[in-house]
Amino acid sequence: MDNVARKIEALREKLRHHEHLYYALDAPEISDAQFDAMMRELEALEKAHPEFLTPDSPTQRVGGKPREGFVKVPHSSPMLSLDNAVGEEELRTFDQRVRGLLKEDEAYAYVAELKMDGVSMAVHYRNGKLTQALTRGDGTIGEDVTENARTIRSIPLQLKGSHASRETRGEVVLNRKAFEKLNAEQEAQGARLFANPRNAAAGSLRVLDPGITASRQLEYFTYFLFADGKPACSTQSEALEELKKLGFKVNPRSGHFKNIDKLVEFCKDWEEKRDTLPFEIDGVVVKVDSVEQQNRLGWTAKAPRWAIAYKFPARQEETLLESIEINVGRTGAVTPWARLKPVNIGGVTVSRATLHNEDEIERLGVQGGDRVLVERAGDVIPKVVRVVRHGQHRVPFRMPKHCPICGGEIVRAEGEAISRCINTNCPARLKESVLHFAARSVMDIDGMGEALVSQLVDSGLVKNVADLYRLKLEDLVELERMGEKSAEKLLANITASRQRPLPRILNGLGIPFVGERTAQFLADAFGDLDKIADADEEELQRAEEVGPKVSQSIRRFFHEKRNRDLIERLREEGLPFQYQAKRKIGGPLAGMTFVLTGTLPDLSREEAGDLIEAAGGKVSGSVSKKTSYVVAGADPGSKLDKANALGVKVIDEAALRKLAEKTT
Ligand code: IVH
């Protein structure tokens with residue numbers, strides 16, 4: 001037993017070490033797969049020996065259940081805010097005031113830290129273990145978000161090499177990439193968009209379900225270390241060093257200055273470079289380094305006299321929204337945007353801003369002719385923040401019924417936020433359609449990359465996906481960067497794709513809501529493309545997982561003449577429209593859903609899928625609570641994390657074979 005306990009503790013230590021390298025230092029030393037394997041080993045041991053399970057184990061980040069509400073807890077000392085300095089002059093005034101309050105000729109220094117644009121949070125440790133995390137709240141009383149904070153991987157559950165009782169204060173942020181990804185997901189689900197990374201961080205931290213926080217890739221950058229509500233070190237620079245030693249993420253781009261000129265330079269430098277950072281900053285926080293001097297300088301009712309926030313100029317400006325226009329994207333998505341009276345925002349002239357979709361326009365209550373506040377942040381497309389004043393002659397936005405590029409019908413499916421041009425031949429979306437058709441998991445035409453597809457479409461050689469099957473060697477060799485060898489190879493790959501079975505063709509058509517999984521169900525249920533094309537909605541809904549939303553979309557697609565013509569062309573090319581369902585009704589895996597991730601030792605993805613389906617099971621592309629098993633091989637992806645987070649069972653290839661064999 002003792003042996004197991006030791007092994008468990010050794011694994012935890014290793015995992016904590018690698019978690020720290022990865023999440024706090026951004027310097028991993030092992031692969032994700034190795035990390036995951038170790039995590040699984042620990043999980044298995046803890047499952048077999050629950051008596052050794054402790055809340056500070058790296059496996060216990062997402063343990064909490066959704067709660068009813070937040071508990072309010074007083075802070076150890078108020079979480080104050082800072083006075084602002086706008087521009088160099090105000091920063092110099094601050095310095096003069098500091099000097100005036102210190103003794104004549106007394107030496108002093110500043111620490112300058114980037115002002116991360118997120119939400120502040122206090123995290124408490126007792127005897128080295130994380131006990132509580134509190135939001136700022138009203139500054140005096142915060143809200144207990146401990147379970148959510150535990151899911152943030154850059155927050156150690158246990159102080160590194162210390163059993164001290166400490167409190168850290170820092171900023172929870174979402175980097176720009178994660179923010180954009182989150183908003184894209186929100187948009188796809190028709191959910192509300194977050195206005196900026198700070199709102200997204202706040203919204204992700206203050207949720208009742210820790211599982212949501214866990215999925216949002218939040219980071220925690222610390223800047224204060226307290227013991228008993230007071231600074232734990234005698235200088236701020238020492239505190240930053242100590243925080244690093246304790247395993248926290250500390251922004252590495254801080255500076256130490258004995259001279260105001262150098263400090264001003266630092267602030268201006270970051271003002272210019274702010275867009276090069278992966279996250280948003282809205283200024284620089286300047287702190288007197290010595291805690292003893294801080295205490296002498298003291299506080300006003302609202303803010304310390306020993307620190308100031310050098311604020312960067314706003315990146316929001318007011319202007320006239322001249323009109324609301326639309327743009328047809330590569331997926332057929334019709335996106336409204338605002339034509340603006342050109343306005344200079346932080347040195348860049350902005351004349352258009354995104355409006356995302358109709359719901360967003362409604363939420364903003366904006367119409368053509370209104371005065372609006374526009375924000376530009378980093379390389380993010382400028383956006384309308386809010387209406388400042390209604391115009392005198394307002395023009396409401398109406399989504400057109402037909403695509404301005406091709407005249408095809410524009411449709412907004414029920415429950416969807418996005419309207420789309422449903423004509424697959426619309427030039428604006430043709431390239432995307434061809435890429436999707438040729439993708440590995442669809443018709444699998446190797447070599448059909450973005451550059452080539454662009455050339456094929458722009459030259460007029462390909463006007464729909466069926467044209468791919470009429471390409472000739474002499475057409476291809478004319479294209480840029482295309483030798484005879486590669487042209488021959490490409491043609492061979494195109495020819496090979498003629499054999500792909502119906503589910504892939506169906507997926508390849510790009511019918512909204514019909515992806516790999518639904519295409520398979522449709523092929524299983526109908527066994528014939530013509531039957532699917534002719535089926536009414538009620539008939540379509542007999543296929544598994546096809547509800548009103550999907551059936552309506554399929555009907556719409558086949559109703560469009562262009563799409564029916566495309567089907568005829570594909571028929572002429574001899575693509576197989578008939579399909580023999582593989583799946584057995586019944587079988588040992590009946591009613592079970594599997595998700596595959598990573599490389600299995602013997603079976604390819606396809607073979608594993610066949611094995612599962614032959615035994616009556618289903619394969620799905622994404623992990624949910626309904627997933628029966630995740631089958632993981634080497635180098636598994638994020639699906640494994642998701643499985644672990646949701647408590648879905650994870651098995652290997654051998655276990656899958658055993659399950660599938662049970663009664664066959
Ligand atoms: S120090 C007495 N340091 O900016 C409060 N704040 O108004 C001192 N912030 O509420 C805060 N980065 O949310 C400090 N390196 C940093 C910071 C930082 C971001 C935020 C924090 C605070 C606000 C100041």
Side-chain angles (χ1 to χ4, degrees), residues 75-86 90-91 94 98 110-123 133-143 145 149 152 154 167-175 196-206 218-226 229-233 235-244 248-257 263 266-267 270-271 274 277-291 293-295 297-312 314:
H75 287 298
S76 63
S77 64
M79 285 180 88
L80 300 175
S81 64
L82 294 174
D83 285 334
N84 292 333
V86 180
E90 290 190 19
L91 188 57
F94 163 76
V98 167
Y110 293 116
V111 171
E113 299 160 19
L114 301 186
K115 188 168 183 303
M116 318 278 302
D117 200 7
V119 283
S120 45
M121 181 170 77
V123 185
L134 305 174
T135 62
R136 180 172 184 275
D138 65 3
T140 310
I141 295 172
E143 286 173 322
V145 288
I152 301 174
S154 47
E167 175 186 353
T168 63
R169 289 189 181 175
E171 199 81 351
V172 175
V173 299
L174 194 65
N175 73 36
N196 52 46
R198 178 175 15 89
N199 285 359
S204 303
L205 185 63
R206 275 192 86 264
L218 296 171
E219 292 174 84
Y220 182 60
F221 285 90
T222 51
Y223 47 70
F224 279 146
L225 182 65
F226 290 167
K230 290 192 277 294
C233 301
T235 65
Q236 172 65 8
S237 15
E238 258 172 70
L240 294 179
E241 282 312 308
E242 183 64 15
L243 279 164
K244 278 187 224 164
F248 290 95
K249 188 161 193 153
V250 175
N251 199 312
R253 300 161 181 94
S254 60
H256 187 265
F257 302 98
L263 174 65
F266 179 90
C267 292
W270 278 111
E271 187 169 330
R274 65 195 286 199
L277 292 166
F279 38 75
E280 290 288 330
I281 59 173
D282 57 348
V284 175
V285 177
V286 177
K287 300 170 185 169
V288 169
D289 195 19
S290 151
V291 169
Q293 286 176 336
Q294 288 179 3
N295 289 335
L297 288 158
W299 288 259
T300 67
K302 274 198 298 191
R305 285 194 199 93
W306 46 266
I308 196 144
Y310 174 85
K311 290 281 265 192
F312 295 155

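Atoms within a ligand are numbered from 1 in the order they appear, just like the ligands themselves.
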Take the angle between the ring planes of F224 and F226 and call it parallel below 30°, perpendicular above 60°, tilted in between.
parallel
Aromatic plane relationship, Y110 with F94 - under 30° parallel, 30 to 60° tilted, over 60° perpendicular
tilted
V119 contact mode with ligand 1 (heavy-atom cut-off under 4.0 Å)
neither
Which atoms from ligand 1 have a heavy atom of [X] less than 4.0 Å away?
{"X": "P304", "value": "2 (C)"}
{"X": "E171", "value": "9 (N), 13 (O), 19 (C), 20 (C), 21 (C)"}
{"X": "L114", "value": "12 (N), 15 (N)"}

Among all protein heavy atoms, pick the one closest to atom 5 (C) of ligand 1 and tell me residue, atom and distance.
L80 O, 3.1 Å
Ranked by distance from atom 10 (O) of ligand 1, the top protein heavy atom is S120 OG, 3.9 Å
Side-chain donor-acceptor pair present, Y223, Q236, cut-off under 3.5 Å:
no
Looking only at heavy atoms, what is the nearest atom pair of R136 and H75, with distance?
O-NE2, 3.1 Å
Closest heavy-atom pair and its distance - P197, E280
CG-CG, 3.7 Å
In terms of its nearest heavy atom to atom 1 (S) of ligand 1, the top option of E113, K287, Q236 is K287
Run down the list F224, W306, Y223, W299 and name the one with the heavy atom closest to atom 14 (C) of ligand 1.
Y223
Please tell me if the side chains of E113 and K287 come closer than 4.5 Å, counting only heavy atoms from C-beta onward.
yes
V291 side chain reached by T235 side chain, heavy atoms, under 4.5 Å
no
Distance-only N or O hit between ligand 1 and [X], under 3.5 Å:
{"X": "M116", "result": "yes"}
{"X": "S81", "result": "no"}
{"X": "L82", "result": "yes"}

When the aromatic ring centroids of F221 and F248 are compared, is their separation below 6.0 Å?
no
Of all the heavy atoms in F221, does at least one lie under 4.0 Å from an atom in ligand 1?
no
